[in-house]
Amino acid sequence: MLSIREYFMLKPNVKTEIPGPRGRGWISRDEHVISPSCTRQDPLVWSHGSGCYLIDVDGNTFLDLSAGMFVLNYGYCHPEIVEAVKKQAEKLGHVPGTDFYHPLQVELAERLSKLTPGSFKKKVFFCNSGAESVEAALKCARWHTRRPGIISFLGSFHGRTLGALSVTGSSNVYRERFEPLLPCVYFAPFPYCFRCPFGQKYPGCDFLCVEYLKRMLRTTVSPTDVGAIITEPIQGTSGYIVPPPEFFPMVKELCNKHGWVFIDDEVQAGLGRTGKNFAIEHWGVVPDLICVAKALSGGMVPIGALIGSEEVMDWTEGAHANTFGGNALACAAALAGLNLLERERLAERAAELGRRAMTRLKGWVDRYKIVGDVRGKGLMIAIEFIKDEKKIPGLEQRELVIREALKRGVLVFRGGNCTIRIAPPLIIKTEELELGLDLLEEAVREVSRKC
């Protein structure tokens, strides 16, 4: 862990080609032993990190505007989380929380119950990842409603385990050769207003996406066979697709009418990322079940959780359990992270920094011909690239921008067909964010000039 003085000396600095000589050696060894199913789009081999910075094995320093794949809301190796894990490791690392009791599980469940939307009584199920929390939500909804049907949305990503994959609708790469998946899953269009699947413009579109869903209930599946609807409040993998304000209230109305469980997948968007503790709060909707993971433990120890109303989470003993969920190390890290989230008012900070960033980035749409759209909430921002004024997806332009940004020591993450996602740690300093955007704009300007 770097000292404060060492951290303040950090800045983006790329001294070698990417990958450098040491990096190439590790990549060669990796290719012999690691599953080829892993996606390694950028040849970077990390050594250590601190705050918003990553240093690779060749000594190159990068400013990470993607928070370790949207996990590190509190930055790399936050000293308070590191200390909490160290102290707990000296006392007790693991006890099977589904068979015995542990105070940290109770404390964390109490905190999450208070933090999540809804004033009703809640229960919490702990697991190890986002996909596991989604699996738990699907099983819980089926148990509670005694109905098999699940409605999801095109463009969604909920995980790669079999159940989570069954409700994922963003890429056939995830599904190829894994059929048959779960039966009774139905997909509806999501309101992607920049590229409306119905060729409409918001406002004035009459919400044909919702009308399509209603038509499904008349033609494809009976609403009495549907137990739940699952959605991301902002679609992540598809490039931070933000629905209009009216959308989720309309969906929730259908849930109330037909007795469906509303499952809110906050794995990527939750815990302050969008300027609210949970992104669904922007729409004034209270879910029945909420899935969280990624940022929950600050990236220190894997953990996921399903938080739900006591009424819906009424399954009986043995209906669902696991071995490592909510282990003592993970709970200690998560409690330290929640302390930071609340004490440092990180959701409010994300909202303010996000407003500043969006004001600046929106200007790129007019300034650079390759920038088609800028959207997001808080520090969950997407830039979508285009080839021309016809909005043809700019996949090549996106890849060139990422490459130019890497040369300048800035990390961003891909999303959708032609989008980059900007989601830095919530602890990022204003000057660090400005520096990152300066360097990213240099990359965009360079690619726009060449294209």
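Residue numbers count from 1 along this sequence. Predicted model only: the values in this text are computed from it and were never measured.
Judged by distance alone, the side chain of S133 and the main-chain N or O of C291 form no donor-acceptor pair under 3.5 Å. For Q200 (side chain) and F207 (main-chain N/O), no donor-acceptor pair under 3.5 Å exists by modelled atom type. The backbone N or O of N128 lies less than 3.5 Å from a partner atom in the side chain of E132, making a donor-acceptor pair. No side-chain donor-acceptor contact under 3.5 Å links E281 to the backbone of V285. In this structure a side-chain-to-backbone donor-acceptor pair under 3.5 Å is missing from R147 to D225. A distance-only check finds no donor-acceptor pair linking the side chain of Q268 to the backbone of I234 [under 3.5 Å]. Judged purely by atom type and a 3.5 angstrom limit, R345 has no side-chain atom pairing as donor or acceptor with the backbone of E342. With K252 contributing its side chain and V286 its backbone, the two residues share a donor-acceptor pair below 3.5 Å. At distances below 3.5 Å, at least one donor-acceptor pair connects side-chain atoms of S170 with backbone N or O atoms of S156.
Summarising the local packing, CD of E311 is surrounded by 12 or fewer heavy atoms from other residues, nucleotides or ligands at distances under 6.0 Å. By the 6.0 Å contact criterion, NZ on K87 is open, its count of non-hydrogen atoms from other residues, nucleotides or ligands being 12 or less. Annotation for F198: atom CZ counts as buried by contact number, over 12 foreign heavy atoms lying within 6.0 Å. The number of heavy atoms from other shown groups lying within 6.0 Å of CH2 (W46) is above 12. Other residues, nucleotides and ligands contribute over 12 non-hydrogen atoms within 6.0 Å of the CD atom of E179. The number of heavy-atom neighbours closer than 6.0 Å to CD of E352, taken from other residues, nucleotides and ligands shown, is above 12.
Donor-acceptor pairing under 3.5 Å is lacking for the side chains of H94 and N327.
C52 has its side chain within reach of I427: a pair of non-hydrogen atoms, C-beta onward, lies under 4.5 Å apart. The shortest side-chain heavy-atom distance between L213 and I229 falls under the 4.5 Å cut-off. With contacts defined as side-chain heavy-atom distances shorter than 4.5 Å, the pair I422/L361 qualifies. In this structure, K214 and L254 have side chains that are in contact, with non-hydrogen atoms separated by less than 4.5 Å. Within the 4.5 Å cutoff, no side-chain heavy atoms of L306 are placed close to those of F126. Side-chain atoms of L44 and L406, non-hydrogen and from C-beta on, do get closer than 4.5 Å to each other. Residues P244 and C193 form a side-chain contact, since some pair of their non-hydrogen atoms from C-beta on lies under 4.5 Å apart. Considering only heavy atoms from C-beta on, N73 stays 4.5 Å or farther from L379 through its side chain.
Aromatic rings of F153 and F247 (six-membered ring for Trp) have centroids within the 6.0 Å cut-off, being under it.
For the pair R421 and Y240, the distance from NZ or CZ to the six-membered ring centre is under 6.0 Å and the angle to the ring normal is within 45 degrees. For the pair K122 and F120, the distance from NZ or CZ to the six-membered ring centre is under 6.0 Å and the angle to the ring normal is within 45 degrees.
When every heavy atom of P424 is checked against every heavy atom of L433, the shortest pair comes out as CG-CD1, 4.3 Å. Scanning both residues, E266 and A279, for their nearest heavy atoms gives OE1-N, 3.0 Å. A pairwise comparison of heavy atoms in F262 and F248 identifies CZ-CD2, 4.1 Å as the closest pair. In terms of heavy atoms, I241 sits closest to P191 at CG2-O, 3.7 Å.
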Notebook entry, point to check: Going through the checks in order, is the side-chain contact (heavy atoms from CB on, under 4.5 Å) test met by L440 and V401?
Noted result: CA-CA 8 Å; L440 182 60; V401 167; 4.0 Å; yes
Margin query: The test is side-chain contact (heavy atoms from CB on, under 4.5 Å); show your working for I151 and L217 and say whether it passes.
Written below: CA-CA 10 Å; I151 293 175; L217 301 177; 4.2 Å; yes
Next item on the list: Show your reasoning for whether side-chain contact (heavy atoms from CB on, under 4.5 Å) applies to I263 and L138.
Entry: CA-CA 8 Å; I263 303 172; L138 298 178; 4.3 Å; yes
Margin query: What verdict does the side-chain contact (heavy atoms from CB on, under 4.5 Å) test give for C331 and H102, after you've listed the backbone C-alpha separation in whole Å, the side-chain angles of each residue and the deciding distance to 0.1 Å?
Written below: CA-CA 10 Å; C331 288; H102 192 275; 5.9 Å; no
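Tested against W260 for a side chain to side chain contact (heavy atoms under 4.5 Å, CB included), the candidates V226, V251, I150, D288 yield a single pass: V226.
No salt bridge links E434 with R356; every basic N to acidic carboxylate O contact stays at or beyond 4.0 Å.
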